[in-house]
Amino acid sequence: MRTPHAALTFFLGFMSLLTGLSGSSTTLALPVISREFGVSNAAATWVVNTGLITTTILLVMFGHIGDLLGKSTIFVLGGGIFVLGSLFVGIAPWFWAVLAGRFVQAVGIAMIMANSMGIVSDAVPDRQRAETLAIISMFISVGSISGPALGGLLISVASWRWIYLLNVPLGLIALWLGARTVPLTRPSRTAVGQIWRAANWAGQNLFTAGILLFFGGGSLLAVPSQRWLAIGALLVGAGLTVYSFVQDDHANTPWIAPSLLRNPDYMISVSTLWIVMLINAVSNILLPFYLQSYLGVSAWLSGLTLMIQSVVMLLVTPLAGYLADHWNRYNLTILGLLALIGSQIGYACYPGHLSWVAVLWPIVLNGVGMALFLSPNNALTMAAVPPTVAGVAGSLNSFARTFGMTIGISFGAQLLFAQLPGVKVITPQVALLPAFANVFWLGTALSLLGLGVVIYRRLHAN
């Protein structure tokens, strides 16, 4: 049974908008949460980190389960858990309860993200798939754009809690629509029990431990006395994470279908996405330091400036989706990487004085590059796999996106401050620009690596 594409696209897009809205608004609420619960600013950042790390850990698992029990069922169930977690955060009386609510919310987000692309792959023909994925990306962009503005409005006129409580009525409406739009199955208790008993929990536990150690070590890098402990945790965490994929590949019932890891077209798409999301996240985390702390631009104007990238993506993404369905998708990804390289060079050459032309053109080019790359790359990713593993293939793609973004956010500032020993707060008197440029020259090198990979894919395409 095929669902109407327009209704399906709206449902998937609207749920993605809600999750994106919640994520982009959360950062804005951190200072208020810190004051209300009497915790440090550093502790408050775990409201964001808890969600990102939990989603990263669970994405692949829920993609596999979606393939076995039904992608739409897991997606809708995830939407319900997301709404429940939002309610928990909105009414939380203690800080630990906020973190617990964010954990529940992130479980739902992982179920949603892990199965969204798989649902599209099952329901939409390949000739229309890129355009559908582009429309869903537009919903995500709208959430990213409106999140800070809506969050600021809710904090000003009501409470930070409404950032989460607003998800409850809107999420329930979306779930009602979803129940009428997508085909849902109710798996038997026996089927669920069999999957539970046969699952590769050893691999999942290795992966979980590796991710927790990796990001735990990253959080200690800023503490000089813990530097060696941090490096040790990073290395052990990275080793466990890599080994978990090796262990899963040899397991009787792996989370990731072995055919995916041996599919060069698929792995190239996923690996390049990881590189692109990492690079983009670094600029998102570092530009506020340059604009606000170094140049003295107000937080409000800085936010509007950074919002330009999402606006550009929103405008260019429909065109990119159309071109991906009517032109060569490989060429579009190459153009996207070229634009991303130009943006990184622009960031690396930022001046020591406020010049809006110099500030804005790399941000605009960054948005163009992301829009040109994402839609065709997502379509290439799903076209490279059979429908039987579309769920786990989509979840691994979402994992690459989230993991890259999490690494960029977590380590972008660490790379900057590691070059500024003794500096805790950036001011106009700090010699920021050399360190700032070094980070983005590294981003340029990573972009060139991604460009080389997509050119290789283009030359060897069938």
Side-chain angles (χ1 to χ4, degrees), residues 23-24 27 45 48-49 51-53 55-56 140-141 144 148 214-215 217-219 221-222 230 234 238 271-295 297 302-303 305-310 312-313 336-350 358-374 377 399-420 423 426 430 432-451 453:
S24 60
T27 304
T45 61
V48 174
N49 292 340
L52 285 173
I53 293 171
T55 302
T56 300
I140 298 173
S141 296
S144 300
F214 184 79
F215 288 106
S219 67
L221 278 176
L234 282 169
S271 301
T272 313
L273 176 66
W274 178 80
I275 293 173
V276 167
M277 295 308 297
L278 188 157
I279 294 166
N280 188 63
V282 170
S283 62
N284 288 340
I285 199 69
L286 290 191
L287 291 189
F289 288 111
Y290 172 76
L291 293 171
Q292 296 180 51
S293 303
Y294 187 71
L295 295 182
V297 176
S302 174
T305 303
L306 296 180
M307 199 170 72
I308 290 173
Q309 179 188 326
S310 296
V312 171
M313 288 182 65
L337 263 297
L338 286 170
L340 193 62
I341 290 169
S343 71
Q344 299 303 298
I345 294 173
Y347 293 140
C349 297
Y350 265 2
V359 166
L360 292 178
W361 75 258
I363 295 174
V364 171
L365 197 57
N366 195 345
V368 171
M370 293 295 291
L372 290 177
F373 174 84
L374 289 176
N377 192 73
F399 164 75
R401 171 193 287 267
T402 306
F403 192 43
M405 185 171 62
T406 307
I407 290 177
I409 290 173
S410 299
F411 292 94
Q414 301 290 348
L415 288 172
L416 180 70
F417 282 102
Q419 303 175 74
L420 302 170
V423 175
I426 291 174
V430 171
L432 173 70
L433 291 183
F436 189 83
N438 287 339
V439 175
F440 285 104
W441 286 124
L442 178 60
T444 303
L446 286 174
S447 302
L448 285 168
L449 173 63
L451 177 63
V453 171

Where is the tightest heavy-atom contact between [X] and [Y], given as atom of each residue plus distance?
{"X": "Ile279", "Y": "Gly443", "value": "CD1-O, 3.8 Å"}
{"X": "Gly217", "Y": "Ala230", "value": "O-CB, 3.2 Å"}
{"X": "Asn280", "Y": "Asn366", "value": "OD1-OD1, 3.2 Å"}
{"X": "Arg401", "Y": "Met277", "value": "O-CB, 3.6 Å"}
{"X": "Val364", "Y": "Val312", "value": "O-CG1, 3.7 Å"}
{"X": "Gln309", "Y": "Ile363", "value": "N-CG2, 3.7 Å"}

Which is it for Leu278 and Phe403 under the side chain to side chain contact (heavy atoms under 4.5 Å, CB included) test, yes or no, and what are the steps along the way?
-> CA-CA 8 Å; Leu278 188 157; Phe403 192 43; over 6 Å; no
Would you please name every residue forming a side chain to side chain contact (heavy atoms under 4.5 Å, CB included) with [X], sequence neighbours left out?
{"X": "Leu365", "result": "Ala339, Ser343, Trp361"}
{"X": "Ala358", "result": "Pro351, Ser355"}
{"X": "Ile341", "result": "Ile345, Thr444, Ser447, Leu448, Leu451"}

Should Leu340 and Phe373 count as side-chain neighbours, where that means a heavy-atom distance under 4.5 Å?
->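 SC-SC contact between Leu340 and Phe373 ruled out.
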Close side-chain approach of Met405 to Leu52, heavy-atom, < 4.5 Å |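 Met405 reaches Leu52 side chain to side chain.
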Tyr290 and its ring-ring contact (aromatic ring centres under 6.0 Å, His included) partner, picked from Tyr347, Phe440, Tyr350 =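 Looking at Tyr347, Phe440, Tyr350, the match for Tyr290 under the ring-ring contact (aromatic ring centres under 6.0 Å, His included) is Tyr350.
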Donor-acceptor pair, side chain of Asn438 and main chain of Pro434, under 3.5 angstrom |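 Answer holds: yes.
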